[in-house]
Engineer: 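Sharing a structure here in structure tokens format.
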Amino acid sequence: AAWILVALAGGLGLRLAPLPGLHPLARLSLQASLGLGLLGLGVLLVGATAGAPRWLFFAVIPVMVALLRRSIPAWLRQFGALGELWRESGRFGQAIGILLSVGLFAALCVALAPPLKYDALAYHLTLPEAYLRLGRVKYLPWIANSGHPQTAEMLYTWAIALGGRQAATVLSWSVAPLTALGLLGYLRQRIGSSPAWAGVGSLLAGYTLLLSPAWAYSDWLGLFFGFGCLVALDLWRQDGLRAHLWLAGAFAGLAFTTKYTAGALALAALAALGWHAWKRRA
């Protein structure tokens, strides 16, 4: 169920942002990120207005599959670039890749188990379950975190409707390998394969960053959107296309919808934008 949502998000993102100048792995990562953000906003808009009964989450899927019948396979084919990158990597990169695969598999095993983390049980998963019982998204005064940004919880609502709590935790886990693949492709394009593996290994070297994707928290989703913002901003710096600047702004906004502290990303991106605009006298 979780990977159905990821495929829908990837197809939607590819339709809206082809990003031909990026490495395929970075491209598929940003497209999935944009698509997940839009799916979350869709759940919020429909759930807070017309209502979102459980059956609606099932009914929307075949409609989206029909609309994205060409985009979804095209998005999935971009994963083939990982095989090419693997073949050109030396023993150093392949060793890091094997270690990361083992670590992410261990995190997936945690995601498949019943969730135990406090924040997930307190609100990250409790809010979506409450929305499904009510058939709509609304403020819940009996949950203190009900007023927080909730893009992650919107996505978990859809996942839980399809496959229960484990679908939400697997969806949360899926964000980590998508981010890692995107970073790997982006760094490969900029500085080479060995430094790319070192960069991804550095990101996932810590215990918390490696296992927290399985906890159904919102932090990794914010990181996912943040990566998209920085890459889009760098694309704008290189080619000056306004569409890339709009995309960076969209990712900064989506990051803020995961948690308030992610608003620091928008401030940093705005400072970078101001600096480059001043340098170009634009």
Side-chain angles (χ1 to χ4, degrees), residues 6 9-39 41 68 70-85 88-89 93 151 175 177-200 202-203 221-258 262-282:
V6 170
L12 179 60
L14 185 145
R15 176 71 66 85
L16 297 175
L19 300 172
L22 273 179
H23 188 279
L25 294 179
R27 189 161 61 231
L28 73 85
S29 178
L30 264 67
Q31 290 164 349
S33 180
L34 179 62
L36 285 174
L38 293 175
L39 292 182
L41 290 175
L68 301 171
R70 293 186 178 88
S71 300
I72 293 174
W75 179 77
L76 291 172
R77 283 195 293 270
Q78 296 177 117
F79 282 95
L82 179 60
E84 180 181 343
L85 195 153
E88 73 179 35
S89 300
T151 292
V175 171
L178 286 171
T179 307
L181 287 174
L183 180 62
L184 182 65
Y186 176 70
L187 294 178
R188 162 62 185 84
Q189 187 175 21
R190 298 300 301 273
I191 55 178
S193 58
S194 292
W197 283 111
V200 177
S202 299
L203 174 66
L221 192 64
L223 192 157
F224 199 22
F225 293 141
F227 171 67
C229 174
L230 296 177
V231 172
L233 195 61
D234 188 42
L235 288 175
W236 169 80
R237 183 186 64 83
Q238 296 177 61
D239 56 31
L241 290 179
R242 184 170 294 183
H244 291 151
L245 195 58
W246 279 99
L247 188 62
F251 279 127
L254 288 170
F256 187 60
T257 65
T258 60
L265 172 68
L267 297 177
L270 184 62
L273 170 63
W275 169 254
H276 287 291
W278 177 80
K279 283 202 307 181
R280 298 178 183 186
R281 302 296 189 270

Engineer: Determine whether a donor-acceptor pair (N or O, by modelled atom type, separation under 3.5 Å) exists between the side chain of Ser33 and the backbone of Leu30.
Structural biologist: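 Side chain of Ser33 to backbone of Leu30, a donor-acceptor pair under 3.5 Å: no, none is there.
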Engineer: Please tabulate, one pair per line, all N/O donor-acceptor pairs under 3.5 Å involving side-chain atoms of residues 13-22, not counting sequence neighbours.
Structural biologist:
from	atom 1	to	atom 2	distance (Å)
Arg15	NE	Ser71	OG	3.2
Arg15	NH2	Leu67	O	2.7

Engineer: When rounded to the nearest 0.5 angstrom, what is the spacing between CG in Leu233 and NE2 in His244?
Structural biologist: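 Between atom CG of Leu233 and atom NE2 of His244 there are 11.5 Å.
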Engineer: Please output the side-chain donor-acceptor pairs of residues 223-232 that fall under 3.5 Å, not counting sequence neighbours, one pair per line with the distance.
Structural biologist:
none

Engineer: Please find the pair of heavy atoms, one from Ser89 and one from Trp197, that lie closest to each other, and give the distance.
Structural biologist: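 It is OG-NE1, 2.7 Å.
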Engineer: For the backbone of Leu25 and the side chain of Ser29, can you confirm whether one donor and one acceptor N or O come within less than 3.5 Å of each other?
Structural biologist: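 Pair absent, no side-chain N/O of Ser29 close to backbone of Leu25.
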Engineer: Would you compute the distance between atom NE2 of His23 and atom CG of Leu85 and round it to the nearest 0.5 angstrom?
Structural biologist: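 It comes to 5.0 Å.
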Engineer: When you compare the side chain of Leu247 with that of Leu34, does any pair of heavy atoms fall below 4.5 Å?
Structural biologist: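 Leu34 vs Leu247: side chains touch.
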Engineer: What's the verdict on side-chain contact (heavy atoms from CB on, under 4.5 Å) for Leu36 and Leu254, showing C-alpha distance, side-chain angles and the deciding distance?
Structural biologist: CA-CA 10 Å; Leu36 285 174; Leu254 288 170; over 6 Å; no
Engineer: Output the distance between atom CG (Leu178) and atom CZ (Phe79), rounded to the nearest 0.5 Å.
Structural biologist: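 Leu178 CG to Phe79 CZ: 5.5 Å, rounded to 0.5 Å.
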Engineer: Return the OG1 to OH distance between Thr179 and Tyr186, rounded to the nearest 0.5 Å.
Structural biologist: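 The distance works out to 15.0 Å.
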Engineer: Which pairs would a plain distance check flag for residues 265-282, meaning a side-chain donor or acceptor within less than 3.5 Å of a matching protein atom at least two apart in sequence or in another chain?
Structural biologist:
from	atom 1	to	atom 2	distance (Å)
Arg280	NH2	Arg237	O	2.2
Arg281	NH1	Trp278	O	2.5

Engineer: With the side chain counted from C-beta on, respond yes when Leu184 and Arg188 share a heavy-atom pair under 4.5 Å apart, and no when they do not.
Structural biologist: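 Side chain of Leu184 against side chain of Arg188, heavy atoms only: no contact under 4.5 Å found.
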Engineer: Give a yes or no on whether Glu84 atom CD has more than 12 heavy-atom contacts from other residues, nucleotides or ligands under 6.0 Å away.
Structural biologist: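 Not buried by this count: 12 neighbours or fewer within 6.0 Å.
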